[in-house]
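To start, the structure under review is shown below, and the notes come after it.
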Amino acid sequence: MQNNYDIIIIGGGAAGILAAGRASEKGAQVLLIEKMRSVGRKMLISGKGRCNITNDSYASNHMKQAHPKPKFLKKAYKNFFKDDIMAILDAQGLKYKTERGNRVFPESNKSKDVLDAYSRWALNKNVELLTNTKVIKLITDDNKCIGVEYDRGARKTTVYAKAVILATGGKSYPLTGSTGDGYALAKAVGHKIVTPRPALVPVETKGNLAPRLMGLSLKNTTASLWIDDKKVDEEFGEMLFTHFGLTGPIILTLSRQIVIALANEKKVELKLDMKPALDEQKLDKRLIKDLNENGKKYIENIFKLWMPSKLVKPLMELCNIDSSKLGNQINGDSRKKIRFALKELKFEVIGHRPFSEAIITQGGINTDDIDSKTMESKLIKGLYFAGEVMDVDANTGGYNFQIAYSTAVLAVDSALNNNEN
Ligand SMILES: Cc1cc2nc3c(=O)[nH]c(=O)nc-3n(C[C@H](O)[C@H](O)[C@H](O)COP(=O)(O)OP(=O)(O)OC[C@H]3O[C@@H](n4cnc5c(N)ncnc54)[C@H](O)[C@@H]3O)c2cc1C
């Protein structure tokens, strides 16, 4: 048996492209195999078409945003981090900017420009790219990965290499090619899979309040997550009502825990505090002041001082306040209900959207069987992992791409190092 390549990379997403570029930069002969017609399809839709490339913050912050075992990423970040990725894009002439929350975007706001820059760098003469090609099996010999079998329509072919990198992504947005193939490939050679579940996913709520508010977005809101009547977390920022429930940055961040709680049949509630800067007392003072100053106005018009107009009718109903009432007819009991509606607007969460609407997959190949210093399998020599296929994920903000780049580069560096020895 003859090695056809130094490295075979399975999957041409963010991790696979980075791996190909790094390996070819080091003079390795690379085969990159992609199931879809072209590489980087998820990257094209990332960041709402703008691609949040990375997050310009310290590794300690990246680790804070990562789950479930942030320390697993320490060496990968140390080896290749955000400045390294920006240097690659810079050398390809990509202009970029840093926005709120240290999120890095291309100046053009076009994810295609980012993918083009990566492709120019990575897909050069040392890299043979096979698209429309699905890897169906890892070939092993004596607990060493020596190649892969792929399927190109009618033809099945086996190719050999000194090392194989599995970078097939998770299960979210399957139309981009990420359909969870990597789990089956890894499982077939002995790896354990932590149940993949959607994360960074919108949630479905009971009742018709959210649908009535569809399209309304709230800024400066705190959403607190309650599981079995215990507060477990909260997030401050922006959110959005939809025809099925809630979404937006703070909801997506909390969704990771929500999905797990629902899977364990726990009671899940989200409470919205639309006045987080005011405690009960201060809010009451403000209500009293507005009601006194507008005593002869209809309460509906006074409600508009406290909330977006779309919320007025539903919240008046919730507080049991008749629209014929004037400001000076609102008593202490009604004020209490208004305070409650503004600071503890409760939604029971009854479900979440499917993988097809989840930004990321939590779960995947169990990292206990992967060496965090090399990204090599502890079970099968010569088999490496990169990106979302592993049980690693992070909050929104460019952190997920950085996981893909950093783990991919560490996998390549370790594989080539091993090849030399
Ligand atoms: C809508 C959306 C927006 C996002 N926006 C951002 C963002 O702005 N910033 C950020 O950091 N993260 C973002 N993410 C997350 C980020 O896109 C992923 O974490 C990242 O793409 C993971 O990279 P990956 O290479 O591991 O996997 P993927 O990008 O999923 O790539 C895997 C590749 O493997 C291929 N493949 C699968 N199976 C096989 C097989 N059997 N044989 C051959 N090829 C195969 C697939 O076709 C695919 O091309 C977003 C995700 C989504 C869904």
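Note: hydrogens, waters and symmetry copies are ignored here, and every other heavy atom, side chains too, is used. We count ligands from 1, going down the list as the structure has it; atoms in each ligand are counted the same way.
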List ligand 1 atoms under 4.0 Å from T133, heavy atoms only on the residue side.
42 (N), 43 (C)
Is the contact between Y173 and ligand 1 made by the side chain, the backbone, both, or neither, using heavy atoms and a 4.0 Å cut-off?
side chain
Lys/Arg-Asp/Glu bridge criterion (N-O < 4.0 Å) met for E280, R339:
yes
Does the side chain of D141 pick up a donor-acceptor pair with the side chain of Y160 at under 3.5 Å?
no
Using a heavy-atom cut-off of under 4.0 Å, does the side chain or the backbone of N400 touch ligand 1, or both, or neither?
both
So that I can tick it off, tell me whether K97 and E99 are bridged by a salt bridge, with the cut-off set at under 4.0 angstrom between side-chain N and carboxylate O.
yes
Consider every N or O of A15 and every N or O of ligand 1, then say whether any pair is closer than 3.5 Å.
yes
Mark yes or no: K271 above the aromatic ring of W226, with NZ or CZ under 6.0 Å from the six-membered ring centre and no more than 45 degrees from the axis.
yes
With heavy atoms of A14 as the reference, note each atom of ligand 1 found under 4.0 Å away.
23 (O), 25 (O), 29 (O)
So the atoms of ligand 1 within less than 4.0 Å of a heavy atom of I33 turn out to be 43 (C), 44 (N)
Can D273 and K343 be counted as an ion pair, charged N to O under 4.0 angstrom?
yes
Atom indices of ligand 1 within 4.0 angstrom of G169 heavy atoms, with elements:
26 (O), 27 (O), 30 (O), 32 (C)
Any salt bridge linking K378 with D371? Criterion: basic side-chain nitrogen under 4.0 Å from a carboxylate oxygen.
no
With the threshold set at under 4.0 angstrom, would you say S172 reaches ligand 1 through any of its heavy atoms?
no
For residues K35 and T179, is any side-chain donor paired with an opposing acceptor at under 3.5 Å?
yes
Give yes if a backbone or side-chain nitrogen or oxygen of Q402 is under 3.5 Å from a nitrogen or oxygen of ligand 1, and no if not.
no
So, is A386 polar-close to ligand 1, with some N/O to N/O distance under 3.5 Å?
no
List the atom pairs, donor and acceptor, that lie under 3.5 Å between side-chain atoms in residues 70-81 and the rest of the protein, sequence neighbours left out.
| from | atom 1 | to | atom 2 | distance (Å) |
| --- | --- | --- | --- | --- |
| N79 | ND2 | D413 | OD2 | 3.0 |

I'd like to know if the side chain of S108 pairs up with that of D113 as donor and acceptor (distance under 3.5 Å, no hydrogens or angles considered).
yes
Between S24 and N124, do the side chains contain a donor N or O and an acceptor N or O under 3.5 Å apart?
yes
Is it the side chain (CB and beyond), the backbone, both or neither of A408 that lies under 4.0 Å from ligand 1, heavy atoms counted?
neither
Does ligand 1 have any atom that is closer than 4.0 Å to a heavy atom of R41?
no
Ligand 1 versus I53, non-hydrogen atoms closer than 4.0 Å: side chain, backbone, both, neither?
neither
Do K69 and D368 meet the salt-bridge criterion of a basic N to acidic O distance under 4.0 Å?
yes
Counting heavy atoms only, which part of T179 comes closer than 4.0 Å to ligand 1: side chain, backbone, both or neither?
neither
At what distance is the nearest protein heavy atom to atom 42 (N) of ligand 1, and which residue and atom is it?
V135 N, 3.0 Å
Those atoms of ligand 1 less than 4.0 Å from some heavy atom in A167
32 (C), 33 (C), 34 (O)
Return yes when T396 approaches ligand 1 closer than 4.0 angstrom through a heavy atom, no otherwise.
no
Under 4.0 Å from ligand 1, counting heavy atoms only, is it the side chain of K134, its backbone, both or neither?
both
Is any N or O atom of C51, backbone or side chain, closer than 3.5 Å to an N or O atom of ligand 1?
no
Which residue and non-hydrogen atom of the protein lie closest to atom 10 (C) of ligand 1, and at what distance in Å?
F401 CD1, 3.1 Å
Under 4.0 Å from one or more heavy atoms of D181, ligand 1 contributes atoms 38 (N), 39 (C), 40 (C), 41 (N)
Interfacing atoms of ligand 1 (cut-off 4.0 Å, heavy-atom, I360)
19 (O)
Nitrogen or oxygen of A358 less than 3.5 angstrom from that of ligand 1:
no
What closest approach, in Å, do L115 and G40 show between heavy atoms, and which atom pair accounts for it?
CD2-O, 3.7 Å
Ignoring hydrogens and geometry beyond distance, is a side-chain donor-acceptor pair present between S255 and H352 at under 3.5 Å?
no
Atom indices of ligand 1, in the order listed, that fall short of 4.0 Å to a heavy atom of T176
47 (O)
Work out whether the distance between some heavy atom of N55 and some atom of ligand 1 is less than 4.0 Å.
no
Inspect the contact between D393 and R256 and indicate whether a charged nitrogen and a carboxylate oxygen are less than 4.0 angstrom apart.
yes
Carboxylate-amine/guanidinium contact D116 K112, below 4.0 Å
yes
